[in-house]
Peer 1: 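Quick one: the structure is below, questions incoming.
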Amino acid sequence: MDIGPLVLALDAKSSSPVSSDASNRKLQHLRINNKKFFASISREEEKPFDFFRALFDGAIAGGTAGVVVETALYPIDTIKTRMQAAHGGGKIILKGLYSGLAGNLAGVLPASAVFVGVYEPAKQKLLKILPDNLSAFAHLTAGALGGIAASLIRVPTEVVKQRLQTRQFASAPDAVRLIVSKEGFKGLYAGYGSFLLRDLPFDAIQFCIYEQLRIGYKLAAKRDLNDPENAVIGAFAGALTGAITTPLDVIKTRLMVQGSTNQYKGILDCVQTIVREEGASALLKGIQPRVLWIGIGGSIFFGVLESTKRFLAQRNQNSDQTSSAEKDR
């Protein structure tokens with residue numbers, strides 16, 4: 001998924017929930033440097049960085065958000081894929097819009113878990129070691145790292161999903177078996193280069209926009225954001241990033257669904273062939289459902305993600321308080 005596809009909610013450096021009064025006290029320590037292009041946050045008090053807790057909580061929250069958004073928006077993704085795969089004025093079939101969902105969820109769950117599981121600790125660590133005015137760089141880098149880690153699961157999942165969406169196979173197991181038998185194991189990683197070309201910029205840009213908007217909004221509002229506000233920011237970040245990366249998505253789709261025909265020799269040949277045979281506008285095929293899908297998906301994904309992480313953070317805080325009380329007895 002593009003929402004990537006995937007950001008602990010309360011601030012850029014901490015995931016622990018706090019009361020309203022505590023939030024107000026901590027916000028007194030926040031500052032934004034208006035001379036810098038990107039928003040930045042600094043705080044005087046910081047808790048020790050817990051890598052494994054950040055990884056574990058991020059994986060659970062990411063997996064939950066990924067499954068919810070993929071299930072909700074799968075039909076739109078199917079229409080987008082069929083539009084991009086159609087050559088010339090090919091007819092778009094509107095039947096079987098949930099083709100391949102079950103097999104795709106088997107990949108989305110671990111991929112989303114891996115992405116956020118890598119993103120969160122990487123982000124928190126980078127924010128601790130980098131200057132405040134480089135928070136955007138921390139978000140960009142963490143997003144790219146999460147994307148690279150998740151790509152090992154995402155790409156085979158995406159290949160199988162898109163072959164099913166274009167009705168080349170009847171089921172996910174058949175798709176995997178036949179792809180491997182006809183194209184070899186590398187067939188499951190068809191279009192891997194174009195996938196990274198699309199998803200690494202997408203993940204990095206989307207999460208950076210989302211995080212920076214949240215930081216700026218929180219500083220302006222002087223309070224923590226609620227779930228609807230997180231959802232709106234996620235929708236804007238997703239829609240904008242989705243529109244920018246549509247040409248990359250078209251290239252990735254064409255390379256992934258070509259199968260053993262090898263119509264395209266690579267990314268550059270794919271671009272040249274599309275432009276020569278269908279015109280440059282073909283590189284924007286599916287932009288409307290893509291922007292709609294990723295915009296709504298960003299809203300759902302980040303809304304669920306932040307809610308899940310807040311729940312986990314509250315649970316961790318209660319667990320820590322219980323453990324501390326037992327030690328004091």
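Note that the structure is predicted; figures quoted are calculated from it, not measured.
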Peer 1: For F115 and Y119, take the angle between the two ring planes, folded into 0 to 90°, and tell me which bin it lands in: parallel under 30, tilted 30 to 60, perpendicular over 60.
Peer 2: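 Parallel.
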Peer 1: Check the pair T246, D249 against side chain to side chain donor-acceptor pair (under 3.5 Å), reporting the backbone distance first and the verdict last.
Peer 2: CA-CA 5 Å; T246 295; D249 189 47; over 6 Å; no
Peer 1: CZ of F202 to CG of L197: how many Å apart, nearest 0.5 Å?
Peer 2: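 Atom-to-atom, F202:CZ and L197:CG are 14.0 Å apart.
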Peer 1: Answer yes or no: is there a donor N or O on one side and an acceptor on the other, between the side chain of Q258 and the main chain of Y264, under 3.5 Å?
Peer 2: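 Side chain of Q258 to backbone of Y264, a donor-acceptor pair under 3.5 Å: yes, one is there.
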Peer 1: What I want to find out is whether R154 reaches D203 closely enough, with some N-O distance under 4.0 Å, to be called a salt bridge.
Peer 2: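 Between D203 and R154 there is a salt bridge, with a charged N closer than 4.0 Å to a carboxylate O.
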Peer 1: Could you check whether atom CZ of F236 has more than 12 heavy atoms from other residues, nucleotides or ligands sitting under 6.0 Å from it?
Peer 2: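 No, the 6.0 Å shell around CZ holds no more than 12 heavy atoms from other groups.
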Peer 1: Throw together a table of side-chain donor-acceptor distances under 3.5 angstrom for residues 142-150, partners on residues two or more places apart or in other chains.
Peer 2:
none

Peer 1: Under 4.5 Å between side-chain heavy atoms, chaining through other members, with only Ile, Leu, Val, Met, Phe, Trp and Tyr counted: pull out the rest of the cluster around V232, sorted by chain and number.
Peer 2: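 V232 shares its hydrophobic cluster with no other residue.
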Peer 1: Is any NZ, NE, NH1 or NH2 atom of the basic residue among R163 and E183 found under 4.0 Å from an Asp or Glu carboxylate oxygen of the other?
Peer 2: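 Answer for the salt bridge query: yes.
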Peer 1: Just by distance, do the side chain of Y192 and the backbone of K186 share a donor-acceptor pair under 3.5 Å?
Peer 2: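 Absent.
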Peer 1: Would you compute the distance between atom OG1 of T78 and atom OH of Y98 and round it to the nearest 0.5 angstrom?
Peer 2: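 Answer for the OG1-OH pair, T78 versus Y98, is 8.5 Å.
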Peer 1: Out of curiosity, does L283 fall in the hydrophobic cluster containing L268 (side-chain heavy atoms, cut-off under 4.5 Å, transitive links)?
Peer 2: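 Per the 4.5 Å side-chain linkage, L268 and L283 are not co-clustered.
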Peer 1: Looking at E229 and R223, is there a salt bridge between them, counting it only when a charged N and a carboxylate O are closer than 4.0 Å?
Peer 2: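 Salt bridge: yes.
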Peer 1: Is any side-chain heavy atom of L225 closer than 4.5 Å to one of I233?
Peer 2: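 I233 reaches L225 side chain to side chain.
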Peer 1: What's the verdict on salt bridge (charged side-chain N to carboxylate O under 4.0 Å, His left out) for K161 and D77, showing C-alpha distance, side-chain angles and the deciding distance?
Peer 2: CA-CA 10 Å; K161 179 193 76 172; D77 183 38; 2.6 Å; yes
Peer 1: Show your reasoning for whether side chain to side chain donor-acceptor pair (under 3.5 Å) applies to T273 and R254.
Peer 2: CA-CA 11 Å; T273 302; R254 292 292 182 89; over 6 Å; no
Peer 1: Does E306 reach the main-chain N or O of F301 with its side chain, forming a donor-acceptor pair under 3.5 Å?
Peer 2: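 No; zero donor-acceptor contacts below 3.5 Å.
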Peer 1: Do the side chain of S299 and the main chain of A235 share a donor and acceptor less than 3.5 angstrom apart?
Peer 2: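 Flag not set: sc S299 to bb A235 has no pair under 3.5 Å.
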Peer 1: Would you call K123 and K128 a side-chain contact if the rule is heavy atoms closer than 4.5 Å?
Peer 2: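 K123 does not reach K128 side chain to side chain.
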